[in-house]
Amino acid sequence: MNRIGRRILVTGLALCLAAPVLPGTLAVRAEESSSAETEQETVASDSDVQAAKESLMKLLEKYSGDAVKERIENAVWKINNESMTKTDLDKLVKDTTEYVQILGAQTAPSTPPSTGSSSNSGNSGNSGSSDSDEDDYIDDDMREDAYVELINYKDSLITRENPEQYILDELDDIFYSANRYIANSETLTEEQLWAYVGTIKGQMDAAVEKSGSVTTTTEFLTLADNWQTPVVSYGQQVSIVLPLINLGEEWLTDLLVEPEVSNDVNEWPFAPDSTGYTQNFNEIPGCATRLYEEAVFNRRELTWTFTAREDVLTGYYPLKFKVWYSKDGIRCEEPAEVSVYVYCQGKPGSGRIGMSEQTNVSQPRIVVTGFETDPAEVYAGDTFLLNIHVKNTSPDTAVNNVLFDLEAVEGGTESSSGTVTNSYAAFLPTSGSSSIYIDRMPAGSTSDLKIEMQAKADLSQKPYVVTVKMKYDTDLKADLTDEAKVSVPVKQESKYDSSTPEINPSSIMVGEQSNVMFQIYNTGKTTLYNVQVKFEADSVEGGDTFIGNLQPGATGNVDAMVSGVAATMDDGTVKAVITYEDEAGNQTREEKDITIFVSEMVVDDGMMMDPFPVEEEKTGPGAGVVIGIVLGAIAVAAVAVVAALKIRKKKKAAKLLAEDLMDLNKDESL
């Protein structure tokens with residue numbers, strides 16, 4: 001949000017907060033309260049209770065003080081021990097939040113504004129306040145003057161100092177908190193009002209003085225909005241990916257990221273199977289254009305693999321990560337903090353995170369105990385049967401009118417900026433309905449939910465979440481709700497194509513080489529890993545080519561030299577063997593036939609003769625001469641061969657005669 005937009009929003013909020021003290025609003029509130037009481041209210045759901053507790057815990061982290069802690073603890077105790085409607089729950093959180101924010105913003109005034117039963121104690125702190133006339137307190141005109149004074153002062157600071165965005169955010173927070181207090185306080189005198197305005201100005205000055213120093217804030221270091229909450233069941237592994245983006249203009253360097261690990265299963269759902277989880281990287285670029293798309297493009301993604309504990313609770317766990325960094329050569333004083341969530345599915349009867357044991361026992365739970373698909377491996381574009389096993393974990397309470405609604409996570413086409421367009425459900429039921437009804441599930445019973453679904457043809461190869469939403473009744477309660485999640489892995493078939501090989505030359509002699517060239521195209525939607533080509537034949541060897549990984553749509557070039565090692569004894573077929581691996585390391589082998597003829601090299605008396613006959617040319621003025629020369633050469637060679645054979649024969653006969661004479665001499669000597 002730009003600066004003008006934030007100012008408009010803050011101004012509008014302040015005017016809305018001042019509305020309860022304007023004439024006529026009390027009557028409107030009375031009418032709204034009266035109409036609300038006539039509406040039928042239901043008990044707050046588990047998710048509402050969990051959200052309320054998380055809001056209160058965030059207040060406890062942001063504000064300190066015994067009064068703040070006591071107020072929040074009382075609110076949490078009331079949520080745990082009283083059955084509250086959604087309206088009562090929201091009102092309790094709203095009142096507690098307003099009270100804590102007022103305590104945090106109030107510095108100069110002596111007492112916080114009264115809320116409910118604390119009004120008497122608030123008045124007792126002012127000596128003589130009971131004797132004061134109501135005319136001594138501020139009116140709407142004074143509130144308006146204070147509001148104008150503060151907003152003008154804030155604008156002048158912004159114009160003079162031109163602070164960074166995180167300073168602007170802090171100024172807006174100070175201004176908002178102050179105007180909320182002024183608009184709702186009915187026991188401020190004019191002197192106290194202007195003393196409070198002076199204090200707020202001092203807080204604004206202190207905020208502006210922070211400009212130029214590195215502080216522990218997350219206004220520029222945050223997560224991209226393409227984050228999806230992972231789902232994991234007890235004992236299983238899950239990958240947590242942090243897509244960190246830098247919305248600030250300056251580059252951040254020497255980054256170090258570490259999760260906040262705990263041994264408490266209520267705070268950290270994973271088993272401590274590693275000695276350290278810290279990761280670091282060199283830098284993350286700044287966002288020069290201040291556009292979100294640029295920051296997403298420059299994001300850095302870090303991945304952790306955790307194993308869920310066997311005693312993990314069911315529900316959403318917040319995971320906090322600390323990020324240390326340097327900015328303009330200055331190391332941050334305190335680490336920034338980013339948070340994500342992971343949904344964990346615990347064992348049947350393990351309970352839900354953030355709920356007491358009494359609450360867990362009082363309400364029956366339907367949990368997902370497992371699932372399978374038929375076929376076991378689901379490919380994009382295929383139709384498959386999803387079979388989900390559910391169980392009523394209550395040992396003594398049956399559930400009735402159980403309605404299961406299966407919702408597949410939405411996918412789509414991801415652009416270069418990381419945003420998803422053309423959103424649609426990853427799985428669609430073939431029957432047109434994703435709802436399954438069961439009349440009754442006795443205590444401790446199990447059931448199977450079977451539905452035929454079709455995976456979209458253009459899905460990426462990864463797991464996709466199917467949410468199982470449940471609505472059911474018991475003998476004492478109606479419209480109870482719950483939900484569970486399963487992850488269905490989807491695969492993409494590996495596809496490739498190749499061009500027609502170019503072989504130069506296609507006929508070689510033993511010892512010569514031939515060049516083989518062709519291209520390999522990845523026509524599928526998944527990466528081909530470790531692509532390589534080898535040539536198999538008795539007549540050639542060599543030419544092994546390693547291409548590496550081929551992304552979807554990429555092309556690999558094969559430029560190999562094969563050597564002739566033996567004469568071709570068949571039709572000259574040589575197999576070009578193409579192999580590649582998928583993400584799981586499974587290897588695929590494909591063969592492509594090419595033709596290369598290899599002929600034997602003929603050598604006679606130091607002369608290499610052409611093994612192939614030379615076709616006689618029948619035309620041309622020198623044809624007869626050439627033929628005569630060739631015939632003459634052949635005749636000379638024949639005569640030489642005959643003479644050589646005669647000489648060899650004579651030498652052999654002389655050798656045999658000499659051996660016979662030697663044997664005869666030996667006999668005579670004996």
Side-chain angles (χ1 to χ4, degrees), residues 1-22 59 62-65 67-68 97-115 122 125-126 129 132 136-220 333-334:
M1 183 182 295
N2 58 29
R3 185 181 301 173
I4 297 177
R6 291 182 63 87
R7 290 175 56 187
I8 295 174
L9 177 60
V10 172
T11 303
L13 288 173
L15 293 176
C16 291
L17 292 171
V21 300
L22 298 179
L59 289 175
K62 186 175 181 181
Y63 299 96
S64 61
V68 170
T97 302
E98 291 178 354
Y99 181 85
V100 171
Q101 287 178 340
I102 291 171
L103 284 180
Q106 181 182 7
T107 55
S110 58
T111 58
S114 59
T115 55
N126 296 330
S129 61
S132 301
D136 294 339
Y137 299 133
I138 61 175
D139 54 17
D140 292 343
D141 292 336
M142 296 178 184
R143 292 186 178 90
E144 175 114 10
D145 292 341
Y147 168 78
V148 173
E149 177 69 19
L150 288 177
I151 197 170
N152 288 340
Y153 191 80
K154 180 170 74 76
D155 290 343
S156 66
L157 285 177
I158 294 173
T159 302
R160 183 175 70 252
E161 302 293 340
N162 190 24
E164 299 180 40
Q165 184 61 47
Y166 73 94
I167 300 296
L168 295 176
D169 294 340
E170 186 172 352
L171 290 175
D172 288 340
D173 291 340
I174 296 173
F175 176 77
Y176 166 77
S177 180
N179 278 280
R180 186 180 185 88
Y181 172 65
I182 294 173
N184 290 277
S185 178
E186 299 180 359
T187 59
L188 276 181
T189 64
E190 184 175 4
E191 181 180 356
Q192 291 175 331
L193 171 65
W194 292 109
Y196 180 63
V197 169
T199 301
I200 296 301
K201 289 181 178 179
Q203 293 180 7
M204 291 183 180
D205 291 336
V208 171
E209 291 176 358
K210 298 178 183 179
S211 181
S213 62
V214 178
T215 57
T216 306
T217 56
T218 57
E219 78 289 338
F220 51 80
E333 299 175 359
E334 295 291 336

Self-check item: Lys154 and Leu157, any side-chain heavy atoms less than 4.5 Å apart
Solution: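 The answer is no; the side chains never approach within 4.5 Å.
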Quiz item: Quick one: does Ile174's side chain get under 4.5 Å of Glu170's, heavy atoms only?
Solution: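 In contact.
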Quiz item: For Ile182 and Met142, what are the C-alpha separation, side-chain angles and deciding distance, and is it a side chain to side chain contact (heavy atoms under 4.5 Å, CB included)?
Solution: CA-CA 10 Å; Ile182 294 173; Met142 296 178 184; over 6 Å; no
Between [atom1] on residue [X] and [atom2] on residue [Y], distance to nearest 0.5 Å:
X	Y	atom1	atom2	result
Met204	Thr199	CE	OG1	11.5 Å
Leu188	Asp139	CG	CG	12.0 Å
Asp205	Ile200	CG	CD1	11.5 Å

Practice problem: Using the six-membered ring wherever Trp is involved, compare the ring planes of Tyr196 and Tyr181 and label them parallel, tilted or perpendicular (cut-offs 30° and 60°). | Solution: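 Answer is perpendicular, since the angle exceeds 60°.
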Exercise. Can you see which heavy atom on Val208 is nearest to which on Ile167, and at what distance?
Key: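 Scanning both residues completely, I find the closest heavy atoms to be CA-CG2, 4.0 Å.
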Self-check item: Heavy-atom closest contact (Leu150 atom, Lys201 atom, distance)
Solution: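 It is CD2-CG, 4.4 Å.
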Quiz item: Just by modelled atom types, is the Tyr153 backbone N or O under 3.5 Å from a matching donor or acceptor in the Ser156 side chain?
Solution: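 Here the side-chain-to-backbone pair exists.
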Quiz item: Does any N or O in the side chain of Ser177 come within less than 3.5 Å of the main-chain N or O of Asp173, such that one atom is a donor and the other an acceptor?
Solution: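 No, Ser177 side chain to Asp173 backbone: no donor-acceptor pair under 3.5 Å.
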Practice problem: May I ask you to check whether Arg180 and Tyr176 show a side-chain donor-acceptor distance below 3.5 Å? | Solution: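 On atom types as modelled, these side chains qualify, holding a pair under 3.5 Å.
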